[in-house]
Amino acid sequence: MNSADTPLSLDSLLTKIGREHGKSATAVNPPVHRASTFLFNTLDDFEAAAATPFDGPFYGRVGTPTTFAFEQAICKLEGGHRTIAAASGMAAISAALLAFLDRGDHVLVVDTVYEPVRRFCNRMLARLGIETTFYDPAVGADIGSLVRPETRVIYLESPGSGTFDIQDIPAIVEVARERGIRTIIDNTWATPVFLKPLSLGIDVSVQSATKYIVGHSDAMLGSVTATAETYDAVRQATQDLGAAAGSEECNLGLRGLRTLSVRLRQHEASALTLAKWLETRAEVARVLHPALSSFPGHEIWKRDFSGSCGLFAVELEPCDPQSVREMVNGLHHFGIGFSWGGYESLILPVHPEKTRQVMKWDGKGPVLRLHIGLEAVEDLQADLAEGLGKLRPA
Ligand SMILES: *Cc1c(COP(=O)(O)O)cnc(C)c1O
């Protein structure tokens, strides 16, 4: 129905991927296969399944029809060879890194990386004798000067966590390809709706599906999408680590996909409305949102991405820290908590001055990260206006 020569538009594709349709008397949504064990009629059947364990039900950790359906759906969106579902975004990321890194190797990781990934590098990878160098997200083709003979992986995240710095993905990919280095990107912010990293030459795209894919803040899920060349290594690492996703979570991921583009359009529109309004406010020093023309990486963002999501940050003018706490605590529509990508708005302070290692943060005021949810944008604006009114000079 959905053959390669008749490409479906994204909205239609999202209603069809990862489920059977067209057969008589089938439920719209496929059943959730809760299984560790799959039974076979004969040893011959069992051994045949064992020969290709990732192509059909064999053992729960290897995959169930539900996890395979989720994997196929994400793979279609990312345009990869195959996708592997993982227990969380961190499970996906750690498996992808360990797939290519060995004792004595060196990895280049962007300095605006999601903080738990930095910790993974500084603790786990360091313990295994793998050295990490953090690099400036603006490095571009100059990444070549950081490459060593033992560099095996360049890890990207664009926009970066906290401050949304944009990377020149094609320029970095070109250097990596010349030198036989694998590239992994965290595609959580854009989702494959707004960025297709593999089409830019990236080898492996990882996502925290916990965010927009699941979309309702009620499950942990990750995905690793690989090229034909890198798939075996990544599949083996996720298996060796036991990082498999559960069927229930994959089902929630599939459910989230059905509304992904509709939700993202609303997140995008509301976030842009508020970002532009925040730029006009006296309390705000800068709005860190790649889709604003004022943002330093905007031109590169426009070249490579087809849209933006609901997550951005504001740097406030220097003010009394206690008044920032009062603002955050007093908001009615913005929850205080980790994660994002659900239907609800969230707010958290971020501290680029504490986390960055190679690029000094030049901001002077506090930075707040906002996730703009699906609430009425007028309600969110009124809420933020009231909050900003509580700020007092330092
Ligand atoms: C949340 C997040 C992760 C980690 O995902 P989990 O599903 O929470 O493990 C990775 N990268 C980015 C950019 C994230 O925001």
Side-chain angles (χ1 to χ4, degrees), residues 67 70 74 78 83-98 109-121 123-124 134 137 155-167 169 184-195 197 202 204-225 237-238 241-246 248-250 252-253 256-257 264 267 271 288-290 301 305 308-313 335 337-342 344-352 355-356 367 369-373:
T67 59
F70 174 73
I74 295 290
E78 292 261 24
T83 295
I84 302 149
S88 68
M90 272 310 290
I93 291 163
S94 50
L97 284 166
L98 289 171
V109 174
V110 67
D111 201 25
T112 44
V113 72
Y114 178 66
E115 271 305 299
V117 178
R118 189 193 305 275
R119 292 199 289 270
F120 176 78
C121 295
R123 291 197 299 232
M124 183 77 78
F134 295 96
Y155 185 93
L156 304 88
E157 184 182 324
S158 185
S161 281
T163 47
F164 303 93
D165 306 60
I166 295 291
Q167 297 192 246
I169 301 168
I184 303 170
I185 195 168
D186 184 329
N187 199 26
T188 305
W189 185 90
T191 83
V193 170
F194 293 142
L195 182 74
I202 291 280
V204 176
S205 173
V206 292
Q207 283 185 79
S208 168
T210 307
K211 310 290 163 56
Y212 283 117
I213 306 295
V214 166
H216 295 72
S217 310
D218 54 2
M220 302 299 300
L221 187 61
S223 70
V224 190
T225 303
T238 30
L241 290 167
E248 300 282 356
E249 284 72 16
C250 286
L252 290 171
L257 284 177
L264 277 174
H267 286 293
L288 306 171
H289 189 314
W301 173 82
F305 293 71
S308 57
C309 68
L311 191 76
F312 66 97
F338 268 136
S339 203
W340 47 275
E344 82 291 5
S345 290
L346 296 171
I347 189 165
L348 270 186
V350 292
H351 302 284
T355 52
R356 288 183 174 187
V367 181
R369 189 188 75 175
L370 301 171
H371 178 251
I372 305 305

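As the structure is a prediction and not an experimental result, all values here were calculated from the model. Remember, it's 1-based here, ligands and their atoms both numbered in the order they're listed.
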Please determine which of F194, W189, Y212 meets the ring pair (Phe, Tyr, Trp, His ring centres under 6.0 Å) test together with H267.
Y212
Listed partners of S88 passing side-chain contact (heavy atoms from CB on, under 4.5 Å), at least two apart
M90, A91, M220
List, pair by pair, the atoms of ligand 1 and of the protein that are both N or O and lie under 3.5 Å apart, giving the separation rounded to 0.1 Å.
from	atom 1	to	atom 2	distance (Å)
ligand 1	5 (O)	S208	OG	2.9
ligand 1	7 (O)	G89	N	2.8
ligand 1	7 (O)	S208	OG	2.9
ligand 1	7 (O)	T210	OG1	2.6
ligand 1	9 (O)	G89	N	3.1
ligand 1	9 (O)	M90	N	2.8
ligand 1	11 (N)	D186	OD2	2.6
ligand 1	15 (O)	K211	NZ	2.7
ligand 1	15 (O)	W340	NE1	3.2

Could you list the residues that satisfy salt bridge (charged side-chain N to carboxylate O under 4.0 Å, His left out) with D165, not counting sequence neighbours?
R356
Return yes if some donor-acceptor pair links the side-chain N/O of H289 with the main-chain N/O of A313 below 3.5 Å, else return no.
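No, H289 side chain to A313 backbone: no donor-acceptor pair under 3.5 Å.
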Can you name the residues that form a side chain to side chain donor-acceptor pair (under 3.5 Å) with S208, not counting sequence neighbours?
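Applying side chain to side chain donor-acceptor pair (under 3.5 Å) to S208 gives T210.
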Side chain to side chain contact (heavy atoms under 4.5 Å, CB included) between N187 and V206, intermediate numbers included
CA-CA 6 Å; N187 199 26; V206 292; over 6 Å; no
